Protein chains: 2
Amino acid sequence: MVGKGYPGGMSTSPTPTPAADWLRLDQQICFSLHAASRAFGGLYRVVLKDLGLTYPQYLVMLVLWEHGDLPVKKLGEHLRLDSGTLSPLLKRLEAAGLVRRERSTRDERSVEVRLTEEGSALRERALEVPRRIVTATSFDVDEIRALRARLDDLTTALDEAAVQAAREDS
Amino acid sequence: MVGKGYPGGMSTSPTPTPAADWLRLDQQICFSLHAASRAFGGLYRVVLKDLGLTYPQYLVMLVLWEHGDLPVKKLGEHLRLDSGTLSPLLKRLEAAGLVRRERSTRDERSVEVRLTEEGSALRERALEVPRRIVTATSFDVDEIRALRARLDDLTTALDEAAVQAAREDS
DNA sequence: CACAATTCAATTGCGCACAACTAAATGGTG
DNA sequence: CACCATTTAGTTGTGCGCAATTGAATTGTG
């Protein structure tokens with residue numbers, strides 16, 4: 001196929017892609033990703049309204065429901081979030097009565113995040129959420145799985161590249 | 001293949017997927033998307049540091065470079081952003097000397113965003129950015145194009161579903 | 001044991017995303 | 001023309017994401 005390397009995909013030109021073409025917005029994968037991420041945010045906002053959760057708060061609850069009580073550090077590793085994001089978020093979850101935060105007695109640097117009764121109970125009501133989301137995507141399970149795998153590959157590559165680029169920067 | 005509909009993909013069980021399994025974090029497409037989006041953000045942060053732009057600011061500049069001067073409204077349509085996001089962002093771009101904002105004389109509700117000399121000149125330095133990003137993904141152009149198409153499908157479906165869900169909510 | 005390096009959570013500051021609202025200009029209809 | 005709905009930016013408030021810093025607890029090393 002001629003013009004395989006061309007971003008637009010419709011050209012039959014055998015010439016290499018001009019740098020300017022790469023700048024075209026509609027060819028930017030980043031933009032599509034950004035838009036899809038925000039579209040998810042919009043849908044979750046609607047779906048989670050009943051539960052009184054934001055989307056990132058829901059992700060935190062998912063981790064706690066799956067893994068049980070965890071220190072903030074572990075929670076951050078699961079979610080790739082640091083304390084700058086998690087601390088205020090957890091404070092809001094605590095204010096909502098869904099979790100408690102307790103200094104570990106074994107290691108007083110660490111703070112254990114524990115589900116309350118109410119927080120555990122919320123899981124029942126959340127069981128319907130993933131179904132609603134999956135249905136909304138109009139994708140079947142295999143397609144979702146394939147897309148997810150590609151995205152995870154992407155994330156791995158990008159993380160590595162960011163580290164590399166930062167290293168070169170110094 | 002047995003267990004085709006099972007989110008984990010490895011089960012040989014012929015039973016339908018329990019709702020609880022859908023909650024498992026690592027099967028949530030949303031999480032992968034969220035992570036990939038932030039990984040992109042991290043890479044762009046490094047790559048754009050030289051240009052003094054954030055990632056959303058870069059997206060705005062891309063639109064202006066491609067389409068020329070635009071009213072805030074049109075800019076928002078291209079980027080799916082509203083004035084609540086764009087107004088302060090554009091103020092920062094103006095403070096950086098990259099754009100000017102001028103009330104339209106034809107329609108005084110509208111504000112035209114115009115590239116300055118400096119803003120237009122920045123394009124030259126930005127030409128290398130997409131290449132660096134694409135290289136970092138470790139994907140070839142066809143893979144990127146395919147992924148982008150899937151993501152755009154997703155965005156379309158999600159947007160529609162969000163509207164639908166909001167409608168049912170009332 | 002003493003001291004330096006590390007770990008962990010919290011805080012601060014900045015920018016983005018979005019809902020809700022305000023204010024001004026415009027357009028349409030009686 | 002007068003009135004009202006609509007359009008367009010801007011503002012306010014809330015929450016997320018991340019860099020940088022702080023402070024306390026722990027660990028490692030001589």
Side-chain angles (χ1 to χ4, degrees), chain A residues 30-31 34-46 48-49 52-60 70-77 79-96 99 101-113 159 162 166 169, chain B residues 30-31 34-46 48-49 52-60 70-77 79-96 99 101-113 159 162 166 169:
Chain A
C30 59
F31 178 77
H34 198 60
S37 186
R38 284 186 294 143
F40 254 116
L43 179 57
Y44 270 104
R45 193 170 303 118
V46 178
L48 293 174
K49 201 165 64 176
L53 292 174
T54 66
Y55 175 35
Q57 288 167 10
Y58 171 70
L59 293 178
V60 168
L70 286 174
V72 174
K73 183 69 194 306
K74 291 286 180 192
L75 208 48
E77 286 170 7
L79 297 165
R80 296 165 155 270
L81 292 172
D82 66 5
S83 65
T85 300
L86 286 175
S87 287
L89 188 156
L90 291 170
K91 219 181 280 187
R92 282 186 283 272
L93 286 181
E94 189 171 42
V99 305
R101 291 178 303 153
E102 295 172 3
R103 283 274 159 201
S104 166
T105 48
R106 267 198 329 101
D107 182 344
E108 297 210 354
R109 291 170 303 183
S110 179
V111 169
E112 289 283 328
V113 181
D159 279 348
D169 211 50
Chain B
C30 60
F31 178 77
H34 199 60
S37 184
R38 284 186 293 141
F40 254 116
L43 180 58
Y44 270 104
R45 194 170 304 118
V46 177
L48 292 175
K49 201 165 65 176
L53 293 175
T54 66
Y55 175 36
Q57 287 167 9
Y58 170 70
L59 293 178
V60 167
L70 286 175
V72 174
K73 184 70 194 304
K74 291 287 181 190
L75 208 46
E77 285 170 7
L79 296 166
R80 298 164 153 270
L81 292 172
D82 67 5
S83 66
T85 300
L86 284 175
S87 287
L89 188 157
L90 291 171
K91 219 182 278 187
R92 284 186 283 271
L93 286 181
E94 188 170 42
V99 305
R101 291 180 301 153
E102 295 172 4
R103 282 276 160 199
S104 166
T105 48
R106 266 196 331 100
D107 182 344
E108 297 211 353
R109 291 171 303 182
S110 178
V111 169
E112 289 283 328
V113 181
D159 279 346
D169 211 49

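All of these numbers come straight from a predicted model, not from anything done at the bench. So that the names make sense, note that chain A is the first sequence line, chain B the second, and so on, each numbered from 1.
- Each of A:S87 and A:H34 was assigned the nucleotide of DNA chain C with the nearest heavy atom; the assignment lying further toward the 5' end belongs to A:S87.
- Along DNA chain D, the nucleotide nearest A:L89 and the nucleotide nearest B:T85 are compared for position; the residue whose nucleotide lies closer to the 5' end is B:T85.
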Please tabulate, one pair per line, each protein N/O and nucleotide N/O from nucleotides 23-27 of chain D that are separated by under 3.5 Å, including the distance.
{"from": "D:dT26", "atom 1": "OP1", "to": "A:E108", "atom 2": "N", "distance (Å)": "3.3"}

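- In this structure, A:L79 atom CG and C:dA9 atom P are separated by 13 Å, rounded to whole Å.
- The pair B:R80-B:D159 meets the salt-bridge criterion, with a side-chain N (NZ, NE, NH1 or NH2) lying under 4.0 Å from an Asp/Glu carboxylate O.
- Nearest nucleotide to the A:V72 side chain, out of D:dA19, C:dA10, C:dA19: C:dA10.
- What separates CD of A:E112 from P of C:dC8 is a distance of 12 Å, to the nearest Å.
- The minimum heavy-atom distance linking A:L79 with B:R38 is given by the pair O-NH2, 3.0 Å.
- Remark on DNA chain C: of its neighbouring residues A:K73 and A:R38, the 5'-side contact belongs to A:K73, judged by nearest-heavy-atom nucleotide.
- Nearest approach of B:L81 to B:L86, heavy atoms of both residues: O-CD1, 3.9 Å.
- Listed candidates were C:dA9, D:dC18, D:dG17. Nearest to the side chain of A:S110 is C:dA9.
- Put simply, CG on B:L93 is 11 Å from P on C:dG15, counting in whole angstrom units.
- Rounded to whole angstrom, the span from the OH atom of A:Y55 across to the P atom of D:dG15 amounts to 18 Å.
- Distances shown here put a side-chain N or O of B:R101 below 4.0 Å from the OP1 or OP2 atom of D:dG10.
- At the heavy-atom level, B:K91 lies under 4.0 Å from the strands shown only through sugar-phosphate atoms.
- Residues satisfying the side chain to side chain contact (heavy atoms under 4.5 Å, CB included) test with A:E102, not counting sequence neighbours, are A:R100, A:R114.
- Using modelled atom types, no side-chain atom of B:R45 and backbone atom of B:T54 make a donor-acceptor pair closer than 3.5 Å.
- Side chain of A:S83, nearest nucleotide from C:dA19, D:dT11, C:dA10: C:dA10.
- Checked by distance alone, A:T54 brings no side-chain donor or acceptor within 3.5 Å of a matching partner on the base of D:dG15.
- Residues B:L59 and A:C30 share a closest heavy-atom pair of CD2-SG, 4.4 Å.
- Computed from coordinates, the B:L81 CG to D:dA9 P distance equals 13 Å when rounded to whole Å.
- Rounded to an integer number of Å, the gap from B:L86 CG to C:dC18 P is 10 Å.
- By the ring-ring contact (aromatic ring centres under 6.0 Å, His included) test, A:Y58 pairs with A:Y44, sequence neighbours left out.
- Closest approach of B:V72 and B:V113 over heavy atoms only: CG2-CG2, 3.9 Å.
- Rounding to whole angstrom units, NZ of residue A:K49 and P of D:dG15 are separated by 16 Å.
- Taking atom CD on A:Q57 and atom P on C:dA17, their separation rounds to 19 Å, with Å as the unit.
- Contact annotation for B:P71: backbone-only contact, meaning every heavy-atom pair under 4.0 Å involves sugar-phosphate atoms and none involves a base.
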